Structures are given as structure tokens and as C-alpha cells.
Amino acid sequence: MQLVGLALMGGIALSGCNQIGAGKSSITSTINPPPAPTRVEAAVGVNFVRTVAAKVEPAVVTVHVMAAIERQQMTMQDLLQGRGGGAEVRRGAGSGVIISADGYILTNYHVVTGARSVTVEVGGTGYDARVIGTDALSDIAVVKITPPTGVPLPVAELGDSDTVRVGDWAIAVGNPLDIGATVTLGIVSAIGARGPRLQGDAASTVLQTDAAINPGNSGGALANSEGKVIGINESILSPTGSFIGIGFAIPINAARKIAEQLIASGRVIRPYLGISYIPVKSVPPQARARVGISSSLTSGVVVAQVAQSTPAAEAGLRPGDVILKADDQELSDQETLNKIIGTHKVGDTLRLDVQRAGAALTLSVTLRERPANNP
């Protein structure tokens with residue numbers, strides 16, 4: 001199976017991981033706040049896709065980049081003409097979503113990584129763009145354009161991805177293969193899927209869709225039947241590299257949160273524990289007996305590794321410990337702990353209820369900023 005990023009770069013998919021230097025902004029947040037949850041079903045016989053396309057398509061832009069790509073090999077012609085190895089500048093294409101009237105655009109990290117220049121096309125008009133900030137871990141980036149005074153920009157309405165359910169309509173809007181704005185229809189095939197992710201944290205959840213998306217769709221919108229953006233298209237899973245009905249989008253609530261930090265400071269600050277772990281329910285009976293985990297225990301996570309000099313190590317967590325609760329919340333699945341940590345800020349204290357060799361204990365962890373090289 002091949003995971004394919006949906007940005008075009010000279011005919012190949014972009015999947016670089018070097019972060020672009022981030023500009024800074026004094027803007028706290030100009031992104032549309034999440035709306036109150038509403039669910040409106042389209043009437044039978046009404047072509048709601050046409051309505052959604054008319055609403056969303058103007059706010060989905062084409063992103064062109066000139067990026068340095070490391071040459072993997074040289075041809076005989078390269079040698080004869082004196083061209084050596086090293087970086088080669090190529091033109092790439094992706095998509096983006098306008099999220100504010102003053103020109104902030106949400107796209108993927110892998111669309112703009114390594115970019116020497118970025119241009120954005122809005123309704124046939126080209127603008128030079130500035131990279132405000134990028135985040136490799138989430139595969140999110142924000143770029144900004146400055147339209148002339150008096151020229152309004154179409155702004156996408158951002159939805160609430162927490163209300164998405166399997167079977168909901170999903171409309172993908174973007175610039176596949178750099179042929180221009182394209183709209184495709186499908187459904188939400190799965191929610192809370194744990195990747196795979198092209199650039200992001202493997203623990204992060206994504207929306208899965210069968211709406212057709214292809215290289216060039218990266219950074220484009222996945223919208224619901226009301227024309228609200230519920231995700232940012234990111235990648236596909238395919239044995240051939242071509243779309244086979246398995247596409248992934250970053251939930252808009254997660255993308256919005258990252259974008260707000262990038263706009264405010266040009267980077268994302270994350271608290272972390274410094275452990276790897278697996279759900280208790282995934283531990284087979286033989287392994288449970290070896291580490292002293294009760295056979296009746298069904299919730300919680302088992303600590304597999306504790307990295308040195310991390311908040312978890314300093315708090316006294318050990319491999320084999322079972323974390324039952326965090327901040328008095330039961331850990332019903334593997335994602336719950338990540339979500340709880342994500343609600344905290346650096347410097348906060350996280351309370352953990354732990355079982356160690358059958359004995360109960362409580363640990364307090366002071367969260368620190370996740371290092372840039374932390375996986």
C-alpha cells in the first residue's frame with residue numbers, strides 16, 4: 001500500500017519534512033469561529049451539490065510553488081552539459097482554503113515545504129503569497145495574500161468536524177493535477193481513523209472519504225451538504241498511487257486550532273508527556289500476566305516506553321504502568337489521552353491515576369513543550 005500526498009511537484013508527490021521559516025503576525029485570530037452545531041438534511045430531489053459548489057468553490061484557491069527538490073540521479077545529458085547534483089528548482093501545485101477576509105489561507109505543510117516562492121490564484125487573479133507558518137506534525141500551513149483595497153475575498157465557512165458522522169455527504173473541492181477547480185462527491189467513510197498520515201502525527205485522527213481526490217487536491221476543502229468545510233484534504237491510500245476510493249482529510253477543528261497558533265506566532269507549541277503506549281484491551285492475556293495487569297481491566301493504556309529526561313520520566317512513570325485516568329477522565333480508547341493532553345498548555349499539571357503491579361498510585365506531571373524532533 002502506498003500513501004500518496006496530494007501536491008504536485010514536477011509530476012511527483014511532495015512529502016518533504018523540512019520546515020520553512022515562519023513569518024510572524026500580531027493578529028490573534030481572524031479565523032471564523034466554529035458555528036453552533038446544526039444539521040440540515042437536503043430535500044429529496046434537490047441538487048444540493050450544485051448549491052455547495054457555488055458556495056465553497058470561490059474560496060478554494062490554487063497554490064503554486066517554486067521549490068528546491070534534491071536531484072536523485074544525473075543523466076548523461078546532465079554530465080555532458082556540466083550539470084551536477086544538488087537541488088533542482090521545480091514548480092508544484094496544490095490547493096488552499098481562504099479562511100479570513102484579510103487573506104489568510106489554510107493549506108498543507110507538504111504543499112509549501114521547501115518553497116522559494118508561493119503564488120495563489122483566486123478566481124483567475126494571481127497574488128504573491130507569504131508563508132506565515134508551517135507545522136510538519138499536523139501537515140498544516142498558513143499562507144497570506146494581500147488583495148488590493150476594496151477587493152473582497154471569498155471566505156469559506158468552517159464547520160464543526162466533531163459533529164461529522166459516517167455516511168454524511170462529503171464534497172471535495174480542489175485543483176487536481178493542476179487542471180483547475182474541480183468538485184467531486186462522496187461520503188464520509190470513517191471518522192476517527194488513525195492515519196496513515198503523510199506528514200502528521202500518527203496518533204492524530206483523520207476523516208476518511210471516497211470522494212475522488214488526486215494529486216493537486218492537497219490543501220483543498222472537504223465540505224458537508226451545507227457547504228461548510230469539515231476537513232482539509234491531505235492524502236490517499238493506494239497500491240498504485242492512483243485514487244481507489246480511500247482518501248484522508250484533516251478534521252477542520254484540528255486544522256483551525258493549528259492555524260490560529262500559526263497566525264499568532266508562526267509556530268505551534270504542544271505540551272507532551274514523553275511516552276509511547278497501547279490500549280489495555282490490545283494486550284493479550286499472556287502479556288497481561290507477565291506485567292501484572294488484571295484480566296478484567298478493559299479501559300486505560302499501558303506505558304510501553306518512557307523517554308529519558310521527559311515530563312513522564314521526571315514524574316516517575318515506568319514501562320508497564322497502566323494509566324487508568326487522566327484529570328479524572330477514564331481512558332476509554334487510545335486517543336483519549338492525546339485529547340486530554342491537547343487541552344492543556346505548557347506548564348500545566350496533568351494528574352494521572354496509575355496502576356503499577358496491582359497497586360494504585362497518583363502521579364502529577366508538569367507538561368513541557370514538545371521538542372521539534374520528537375516523533
Side-chain angles (χ1 to χ4, degrees), residues 5-27 30 58-72 78 83-136 138-149 151 153-154 156 174-181 198-199 214-221 232-234 255 258-259 262-263 265-268:
L6 303 178
L8 289 177
M9 177 54 66
I12 62 173
L14 277 177
S15 59
C17 57
N18 293 325
Q19 185 166 338
I20 294 175
K24 293 188 176 181
S25 170
S26 60
I27 298 175
T30 57
V60 177
V61 302
T62 295
V63 179
H64 285 129
V65 301
M66 296 298 293
I69 302 297
E70 195 68 27
R71 294 171 64 89
Q72 301 298 317
D78 290 332
R83 295 196 296 260
E88 176 183 356
V89 177
R90 294 188 184 180
R91 183 176 184 269
S95 305
V97 179
I98 301 175
I99 55 176
S100 71
D102 51 350
Y104 286 99
I105 296 169
L106 190 57
T107 187
N108 286 139
Y109 165 86
H110 76 266
V111 171
V112 299
T113 183
R116 295 187 176 183
S117 65
V118 180
T119 57
V120 170
E121 186 175 311
V122 183
T125 301
Y127 297 93
D128 290 332
R130 177 167 58 97
V131 177
I132 297 300
T134 64
D135 182 57
S138 64
D139 198 16
I140 288 294
V142 174
V143 301
K144 190 179 188 304
I145 60 175
T146 303
T149 303
V151 176
L153 290 175
N175 174 37
L177 302 175
D178 203 18
I179 63 173
L198 183 69
Q199 297 290 344
N214 291 284
N217 271 111
S218 274
I232 299 298
N233 295 322
E234 182 191 25
I258 297 297
L262 293 176
I263 291 172
S265 62
R267 69 190 187 102
V268 177

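These numbers come from a predicted model, not from an experiment.
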- Message: Please give me the minimum heavy-atom distance between A141 and T134, naming the atom from each residue.
- Response: CB-CG2, 3.8 Å
- S95 side chain to G216 backbone, donor-acceptor under 3.5 Å: yes
- Task: Examine distances only and state if a side-chain atom of N175 and a backbone atom of G180 form a donor-acceptor pair shorter than 3.5 Å.
- Result: yes
- Message: Looking at every non-hydrogen atom in both residues, tell me the closest pair between I140 and L262 and how far apart they are.
- Response: O-CD1, 4.0 Å
- To the nearest 0.5 Å, how far apart are CG in L106 and CD1 in I132? 12.5 Å
- Taking all non-hydrogen atoms of both residues, which atom of A255 and which atom of I232 are closest, and how far apart? CB-CG1, 4.1 Å
- Do you know the tightest heavy-atom contact between V122 and P58? CG1-O, 4.4 Å
- Note on the structure: Between V112 and V63 the two heavy atoms that sit nearest each other are CG1-CG1, 4.5 Å
- Query: Backbone N or O of Y127 within a donor-acceptor pair of the T119 side chain at under 3.5 Å?
  - Reply: no
- Item | For A221, side-chain contact (heavy atoms from CB on, under 4.5 Å) partners two or more places apart | V56, V60, V97, V229
- Query: Counting N and O atoms only, with roles assigned by atom type, does the side chain of D135 sit under 3.5 Å from a partner on the main chain of D139, one being a donor and the other an acceptor?
  - Reply: no
- Query: How many angstroms lie between CZ in R130 and NZ in K144, if you round to the nearest 0.5 Å?
  - Reply: 7.0 Å
- Item | E234 versus S218, closest heavy-atom pair with distance | O-OG, 3.3 Å
- Task: Look up atom CD1 in I105 and atom CD1 in I145, then write down how far apart they are to the nearest 0.5 Å.
- Result: 4.0 Å
- When rounded to the nearest 0.5 angstrom, what is the spacing between CD1 in I98 and CG in L153? 5.0 Å
